[in-house]
Chemist: 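There's a structure below that I have some questions on.
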Amino acid sequence: MKIGDLAKRTGLSTHTLRYYERVGLLPYADRDRSGQRDFDASILTWIAFLGRLKTTGMPIRDMLRYAALRDEGEATGPARRQMLEIHREQVRTQIAELQECLLVLDTKISGYAGDEQRTKENDARPYTSRKPLRSRPAGPVTH
């Protein structure tokens, strides 16, 4: 498939695909008689995987290392697995941090929802605090 078709099917620009090829994330495509890139359809799975790695925050240097190991063949399976296991733990940590952030946001949003409910219950008047407490005289309190 031509680079334009690949771009449409992956959602990546032709510029990005050429860059990925140039830096080594994509294998060099065969060329047709006119010199245009002719990608095999199997590249779609690899590009989708790269997209997942990118979405999960894997640095491009690690993606390049993984791609280089992949190009070396089956013998690098254990090294690739180790890379993915390490990355998975980083993703799990990030998810836990995001869950904590989500809880803070939900709590904050609930607080604002409470303000809105109080406003509705008081004839759309903004919520105001009660009168300040009277100051007490100085000195000991006797009852």
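Since this is a predicted model, take the numbers as computed values, not measurements.
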Chemist: Give a yes or no on this: more than 12 heavy atoms of other residues, nucleotides or ligands lie within 6.0 Å of atom CG of D30.
Modeler: no

Chemist: Linking I/L/V/M/F/W/Y whenever their side-chain heavy atoms sit closer than 4.5 Å, directly or via other members, would I60 and W46 fall into one cluster?
Modeler: yes

Chemist: So do the side chains of T14 and L6 get within less than 4.5 Å of each other, counting heavy atoms only?
Modeler: no

Chemist: Who passes ring pair (Phe, Tyr, Trp, His ring centres under 6.0 Å) against Y66, sequence neighbours left out?
Modeler: F49

Chemist: Check this for me: E85, atom CD, are more than 12 non-hydrogen atoms of other residues, nucleotides or ligands nearer than 6.0 Å?
Modeler: yes

Chemist: For K8, does the NZ atom sit with more than 12 other heavy atoms under 6.0 Å from it, leaving out its own atoms?
Modeler: no

Chemist: Is there a path from L64 to I43 through hydrophobic residues (I, L, V, M, F, W, Y) whose side chains come within less than 4.5 Å of each other?
Modeler: yes

Chemist: List the steps and the verdict of side chain to side chain contact (heavy atoms under 4.5 Å, CB included) for L102 and Q99.
Modeler: CA-CA 5 Å; L102 186 59; Q99 288 287 2; 4.0 Å; yes

Chemist: Can I get a per-line list of side-chain donor-acceptor pairs under 3.5 Å for residues 21-29, giving both atom names and the distance, sequence neighbours left out?
Modeler:
| residue | atom | partner | partner atom | Å |
| --- | --- | --- | --- | --- |
| E21 | OE1 | R37 | NE | 2.4 |
| E21 | OE1 | R37 | NH2 | 3.0 |
| E21 | OE2 | A29 | N | 2.8 |

Chemist: Looking at D38 and R31, would you say the former's side chain and the latter's main chain have a donor-acceptor pair under 3.5 Å?
Modeler: no

Chemist: Got a sec: does the CZ of R80 have more than 12 other heavy atoms crowding it under 6.0 Å?
Modeler: yes

Chemist: Can you find a heavy atom in the side chain of D32 that is under 4.5 Å from one in the side chain of K2?
Modeler: yes

